[in-house]
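Everything on this sheet refers to the single structure shown next.
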Amino acid sequence: MSLDKSYDPRSIEQHWYPEWERRGYFNPAAQAPAESNRKRDAYCIQLPPPNVTGTLHMGHAFQQTLMDTLIRYHRMRGDDTLWQPGTDHAGIATQMVVERQLNAAGKTRHDLGRDAFVSRVWQWKEESGGTIARQMRRLGASVDWSRDRFTMDEGLSRAVTETFVRLYDEGLIYRGKRLVNWDPVLHTALSDLEVLSTEEQGSLWHLRYPLADGSGHLVVATTRPETLLGDTAVAVHPEDERYAHLVGSSIRLPLTDREVPIVADTYVEREFGSGCVKITPAHDFNDYELGQRHNLPLINIFDRNAALNDEVPERFRGLDRFDARAKIIAELASLDLIEKIDAHTLMTPRGDRSNAVIEPWLTDQWYVRIAPLAKPAIEAVESGKIRFVPENWDRTYYEWMRNIKDWCISRQLWWGHRVPAWYGPDGSIYVGRDETDARERHQVPAGTILVRDEDVLDTWYSSALWPFSTMGWPDNTAEVRKFYPTSVLVTGFDIIFFWVARMIMFGLKFMDDVPFREVYVHGLIRDNEGQKMSKSKGNVLDPIDLIDGIDLEALVTKRITGLMQPHLAAGIEKSTRKQFPEGISAYGTDALRFTFASLATLSRDIRFDVGRIEGYRNFCNKLWNAARYVTLSVEGHSLGDGSDDLSLADRWIRSRLAAMVSAVDKAFSSYRFDLASQALYEFTWYEFCDWYLELSKAVLQSDSATESQKRAARHTLIHTLETILRALHPLMPFITEEIWQRVGPIAGCAGETIMTQPWPMMAGMDADAEAQMTWTQGVILGVRQIRGEMDIAPSRRFEVLLEGAETADLARLATNRHFIERLANLSGIRPLAAGEIPPESAIALQGHLRILVPMAGLIDVAAEVARLEKRIAKIRQDLGKTEAKLSNANFVANAPASVVEQERGRINDFTRELTGLEAQLNKVKALGG
RNA sequence: GGGCGCGUAGCUCAGCGGUAGAGCACUUCCUUGACAUGGAAGGGGUCACAGGUUCGAUCCCUGUCGCGCCCACCA
C-alpha cells in the first residue's frame, strides 16, 4: 500500500497524538533507552501555566510550538526530558468570570457566601478546565500529562503556605497599614504591576486657598479637587521666594472648618502650576511620603467604593468621588475660589482587570519585603548564572529590579490561596501552616478563639514558586534533585516582571539556586497589520481554526459573538469578510508550527500572515509527495548493504544533507527557530526535491544503469529522506511520524516511533562532489536558461555541443552525461570534434566551457541578439565595479590578500565571459545580416 | 523624563564590513509516470535620510526624520 496521493493533515494528526500519549513517550522515565546505561543529561522546561478557565490564543500556540520543538529536539538527543504542564488559578480573572455568571442570574457572590462561591468556582474550573489540555494536544505538545499541576492543587498549596510561613518568620513578609492601589470596583488591593497608567484628558483646577490670617490666598493647582476634603497641608518649595514668608503659617481649607499648615518641601516643582501643592496624605502616594516627613495627619475620606465617608461635611457624605468632584467645583465656583481651569493631560491609573480608576487608599495589607530578595536575583543575571536570550532583555530586568518596591501580596478576593494567618481577639497575628500549627508555634491557649485572615494571595505568588512547587517541594523529591534548575524558560516579555523576576527571587531564596539557566524571550503575535489581537478589535485568530479551517460564516459569528461593545460587530464583520472571503482553509498543525518557527525571529512583534502558513502547508505536501516518490522507487527493490558505488549525485546530496543537519542543530541550540526552519525548507525543496530526486530518476529509470548504481541511488534516497524526517520532527511531529512509520523500517531503523530516534549528527562534507555538482548544475542551468528565454517548448529535445572542453570537462561529462541529458531534456550532448565548425548557436558559458544550442529551427536571431545584449550589459556593469575596486591603490594595499585575489579572479571570469558573449553576439548579428 | 526596539523587493521578513536574499504576490512557458498544494525561466530594491570611521558601509559610530513598546511621583 502506498502513501495517499495528497497530504491530508486531518487524518494523520488525530491518530498520532493519542498513540504517543498512550505509549508514555512524553514521560521522562519512559524515554530511557534500555540498552543505554550512560548517565543522561536532564532537560526540563516548565510550561508557563495558562489560566485554567481560558482558551489558548495565538501567543500560547506560538510559545508552545517553540517549547515543544526544544523538548523534542532534546528528547531525540538522548536527554532525560521533562516538559512540565499545568494551569494557573488566575485569581481575579477567574473570580470575575464566575461573578459575571452570577450577575447574569441576578445574584452576587455575597448572596452565596464565601464557601458556596468558592465551590462554584471549582465547579467552573472542572467544566472549562479541559479546554486548554485539548488544545495543547491538537498542537502536538509533548508535555508529561501524568505530572499535570494546578496552582491550587494540594501540593502547590502546601508550597505556598510553607514559603509564606518561612518568609514571615524571617521578617520578609509583614503586615502593614499603608497606601495601596485600591480597585473600588473589585474591592481589592492591587500590586503596582496590575495598575496601568494611561494618558487621559482632564482638567487642572487652580483653586484659591484663603490664608488663615485673612491677608489673601494661595493658588493651588490640582487634577483631583475632590480630595480637597482630605488635605492636611499645602506645600511650597523651600527656596521659592514667592512663598518663603508664608511657610509656617496656615490656610483655611475651603468647604471645611479646618486650618492646615503651609510646609516647605523639595518635592514641589516651582515651575508647575502656581508652585503650591495641596497635600492629601491619605489619597496620594507622594503626598503620603511628604506627610510622613512633616508629621501630617492622614484623613481618609473614602470608603471602599471610593465614595465619601463620614470624615467629610455632611452634605458630601455618600457621594461617589466623581459626583463629589462636581459638587465641590460648583461650591468653590460660587465662593469665587476658582482662579482658572486649564485643560490638562494626565496619567490616569486604572486596574488592569476592571479598568476602574485606581484609588490610593489606606488599608492593612500583606507585603513581601523585596530588597533582600532582589539583590541576589540581580546578581544571578549579572554573573551570568541566568542568561537572557536575546541578551538585551537584561537591561529591562535590571531597570525594574533596581527600582523595585515591596510587593503587596494580599487580595480581597475569595478565589485563591488564603493567607495562613490567624488573629486573636486582641488582634495579635499568628502565622502557621494551619490553625493547629499556628497555635503550637505561638503557644496560643486552647480557649482562645482564632479567626483566619480573610484575604487571599496574589496569583503571581503561587506562580513564582512554579519551578519547584510542581516538583513536589518542600519534599526533597527525585524530580527536584534531577530537574531543578530547569534548562530554559520560554516566555513573552510582557511577564518578565510579573513572573520571571519573581521566580528568580523565590528560586534563589528557597532552592538556593536559580530556577532556570536561560530565559528565551519571544515576541508578541500580532495580526497582519501589526495590531494586537483582541476580541474587541475582531482580529483574533484561533490557532485551532488555522489547523482545522473554518468557513466564513462561522468565523464571522465567532468574532462578533460575546462582544463587550456590540456596536463594533458591523465593522468586524465587514473587515472579516474582506480579509477572509473564502474563510480559512485547513492547514494542519505541522504547517502552523512550521510557520510559527519561521516567524520566531529575535524581535518584539511578530506579524502573523496567513499567506505564510499556506506556503508551509504546501511544503508539507511537497515532503509528502517526495516520500511517495521515494517509497515507490524503493519498495520491493534491494537497497544493498551500503557498499555500492555512489554516483556524483549520491555523494553530493549526502554532503549537502550533512551541512543542513549541522545548520539545523546549530540553530536549535541557539534558539534560532527561524534559521532552522529555513535550512530545512531550502534543503528539502531546493536540493533534495528539485535536484536530487530528478537526478535519481536518471539512474532508476535508465536501462543502462547498473543494478549496483540503482541500489546506491535507492539507498541514498531512503537514507536522505529518513534523515530529513528526523531533523524535521521537532518542528513537524505529525507528518514526520506518519511518513517515518513507512520509511524508518525500510531505512533499517529500529524502534516504533520517530520521537525517540536519535537526533541525526553526521560529518560528511564532500568538497569534490559539491564542486562537480556545481559544474553539472551549471551546464543544465545554462541550457534551461536558453530554453526558457527562447521559448523552446520543454518537450522539445535537441542536441547540445560543447566547445572548448578540457580534459577535466570531458571527464565530468562522461560521469554526468545521463544527469545532464535527463534534467536539461536533451537528445544528446557531445564535445565538438577537432576542427569541427560549430553551427549557428545560442551560447551559455560554464567557466571557459561554451555550451552551444544550435539555433536552426529553434531560435530566432533577434531574440538571441536581445538575450546576449542583456547578459553583456550585466557583466559589463559587474566588471566595471570590480575594475574600479582594483584600480584603487588603497584597496590593493590594505585589503586582505585573499579579498584582492578574489577580485582579480572575478575580473578574469568576467572578462572571459564578456569576450565570449561579445564574439557570439557579432556572429549572430552577422547571421541576421 | 529614563530604557528598549524597528525602518531592506508590492506585502511579511531574513541577512551582513567585501558581487543585495527568502516566502507570498507578479510575467512567460509547461498537465513529463512524487507533487498544478506542482515544474522551468524571468521582472522587481539609490537596504529611511545626512554625516563620520574604513581601501571598502545596507552592516560599525554620530545625528535627523518616522513608527512602536516598557518604565516613571510634576500635583
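Proteins get letters first, then strands, A, B, ... in listed order; numbering begins at 1 in each. The structure presented is a predicted model; accordingly, all values stated were derived computationally and were not measured.
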What nucleic acid atoms does A:Glu269 come within less than 4.0 Å of, heavy atoms only: base, sugar-phosphate, or nothing?
base
What contact category does A:Lys874 fall into here, base, sugar-phosphate, or nothing, at under 4.0 angstrom with non-hydrogen atoms?
nothing
On the nucleotide B:G23, are OP1 or OP2 found under 4.0 Å from the side-chain N or O atoms that A:Tyr686 carries?
yes
Check every atom of B:G18, B:C35, B:U19 against the side chain of A:Asn625 and return the nucleotide holding the closest atom.
B:C35
Ignoring backbone atoms, establish whether A:Arg871 has a side-chain N or O less than 4.0 Å from OP1 or OP2 of B:G42.
yes
Does A:Gln701 place a side-chain N or O at less than 4.0 Å from the phosphate oxygens OP1/OP2 of B:G33?
no
A:Ile875 side, atom CD1; A:Glu913 side, atom CD - distance, nearest 0.5 Å:
4.0 Å
Examine distances only and state if a side-chain atom of A:Asp590 and a backbone atom of A:Pro9 form a donor-acceptor pair shorter than 3.5 Å.
no
Should A:Tyr629 and A:Ser696 be marked as a side chain to side chain donor-acceptor pair (under 3.5 Å) after you check the CA-CA gap, both sets of side-chain angles, and the distance that decides it?
CA-CA 11 Å; A:Tyr629 166 75; A:Ser696 76; 2.7 Å; yes
At 4.0 Å (heavy atoms only), tell me whether A:Cys620 reaches a base, stays on the sugar-phosphate, or touches nothing.
nothing
Would you kindly compare A:Val630 and A:Glu789 by the position of their nearest RNA chain B nucleotide and give the one closer to the 5′ end?
A:Val630
Can you see if the side chain of A:Lys532 gets near the phosphate of B:C69 - specifically, an N or O under 4.0 Å from OP1 or OP2?
no
Span that lies between the P atom of B:A22 and that of B:A36, in whole angstrom
25 Å
Interatomic distance at P, B:A14 relative to B:G23, whole Å:
16 Å
A:Val899 or A:Leu204: which one's nearest nucleotide on RNA chain B is closer to the 5' end?
A:Val899
Have a look at A:Tyr267 and say if it touches a base, only the backbone sugar-phosphate, or nothing, with a 4.0 Å heavy-atom cut-off.
base
For a salt bridge (charged side-chain N to carboxylate O under 4.0 Å, His left out) with A:Arg350, tell me which candidate from A:Glu199, A:Glu194, A:Glu200 qualifies.
A:Glu200
Base, sugar-phosphate, or nothing for A:Leu693, non-hydrogen atoms under 4.0 angstrom?
base
First locate atom CD1 of A:Ile735, then atom OG1 of A:Thr589, and finally report the distance between them rounded to the nearest 0.5 Å.
11.5 Å
Quick one: A:Asp287 CG to B:A75 P, roughly how many Å, whole number?
12 Å
Length of the CG-P vector between A:Asp609 and B:A14, whole Å
13 Å
When we call it a touch if two heavy atoms are under 4.0 Å apart, what does A:Asn403 touch: a base, just sugar-phosphate, or nothing?
nothing
Can you tell me whether the side chain of A:Arg607 and the base of B:U12 have a donor-acceptor pair closer than 3.5 Å?
no
Whole-angstrom distance between B:U46 and B:G21, as gauged at atom P
15 Å
Is any side-chain N or O of A:Lys697 closer than 4.0 Å to OP1 or OP2 of B:A34?
yes
Of the nucleotides B:G68, B:C4, B:G18, which one has an atom closest to the side chain of A:Phe891?
B:G18
Hey, does A:Phe285 reach any base, or is it just sugar-phosphate, or nothing, if we go heavy atoms under 4.0 Å?
nothing
How far, in whole Å, is B:C59 from B:C47 if one measures between their P atoms?
9 Å
Integer-rounded Å distance: B:G43 P and A:Arg867 CZ:
12 Å
Would you mind telling me which of B:A34, B:A75, B:A40 lies closest to the side-chain atoms of A:Phe272?
B:A75
Crowded around A:Arg293 CZ? As in, over 12 foreign heavy atoms under 6.0 Å?
yes
Would you mind classifying the nucleic acid contact of A:Tyr397 as base, sugar-phosphate or nothing, using non-hydrogen atoms under 4.0 angstrom?
nothing
Report which part of the nucleic acid A:Trp685 touches: base, sugar-phosphate, or nothing (heavy-atom distance under 4.0 Å, all strands).
sugar-phosphate
Run the numbers on A:Asp609 and A:Arg607 for salt bridge (charged side-chain N to carboxylate O under 4.0 Å, His left out), then give the verdict.
CA-CA 6 Å; A:Asp609 180 13; A:Arg607 295 189 184 202; over 6 Å; no
I want to verify a distance call: between B:A22, B:C4, B:A34, whose nearest atom is closest to the A:Glu682 side chain?
B:A22
A:Lys278 and A:Asp231: salt bridge (charged side-chain N to carboxylate O under 4.0 Å, His left out), yes or no, with the steps?
CA-CA 6 Å; A:Lys278 60 189 276 307; A:Asp231 284 359; 2.9 Å; yes
Salt bridge (charged side-chain N to carboxylate O under 4.0 Å, His left out) assessment of A:Arg224 paired with A:Glu359:
CA-CA 11 Å; A:Arg224 301 211 48 198; A:Glu359 198 64 58; 2.6 Å; yes
Nearest-Å distance once atom C1' is located in both B:G33 and B:G39
14 Å
Donor-acceptor pair present, A:Glu694 side chain and B:A34 base, under 3.5 Å
yes
Need one value for A:Arg672: base, sugar-phosphate or nothing, where a base atom within 4.0 Å counts as base even if backbone is also close, heavy atoms only.
sugar-phosphate
Is A:Arg612 near enough to B:G23 that one of its side-chain N or O atoms lies under 4.0 angstrom from OP1 or OP2?
no
Nearest-angstrom distance, P atom, B:C30 to B:C16
41 Å
Could you give the distance from SG (A:Cys620) to CE (A:Met732), rounded to the nearest 0.5 Å?
3.5 Å
For A:His237, report the nucleic acid contact type (base, sugar-phosphate, nothing); a contact means any heavy atom under 4.0 Å.
nothing
Would you please confirm or rule out a distance under 4.0 Å between OP1 or OP2 of B:G38 and any side-chain N or O of A:Asn618?
yes
Parallel, tilted or perpendicular: which one describes the rings of A:Tyr681 and A:Tyr686, with boundaries at 30° and 60°?
perpendicular
Quick one: label A:Ala893 by what it contacts on the DNA or RNA (base, sugar-phosphate, nothing), any heavy atom closer than 4.0 Å.
nothing
Watson-Crick and G-U pairing of RNA chain B written in dot-bracket, each distance under 3.5 angstrom, with | for inter-strand partners
(((((((..((((....[..)))).(((((.......))))).....(((((..]....))))))))))))....
Assign A:Thr396 to base, sugar-phosphate, or nothing according to its heavy-atom contacts below 4.0 angstrom with the strands shown.
nothing
Is the phosphate of B:C55, meaning OP1 or OP2, less than 4.0 Å from a side-chain N or O of A:Asn894?
yes
So does A:His344 get a side-chain nitrogen or oxygen closer than 4.0 Å to the phosphate oxygens (OP1/OP2) of B:C74?
no
Among B:A75, B:C35, B:G18, which nucleotide sits nearest the side chain of A:Thr222?
B:A75
Would you indicate what A:Arg617 reaches in the nucleic acid, counting non-hydrogen atoms under 4.0 angstrom: base, sugar-phosphate, or nothing?
base
Among the nucleotides B:C73, B:A75, B:C55, which one has an atom lying closest to any side-chain atom of A:Asn888?
B:C55
Quote, to the nearest angstrom, the C1' distance that separates B:G68 from B:C73.
25 Å
What's the gap between B:U19 and B:C24 when it is taken at their C1' atoms, as a whole Å value?
26 Å
If the cut-off is 4.0 Å, is A:Trp393 near the phosphate of B:C71, judged by side-chain N/O to OP1 or OP2?
no
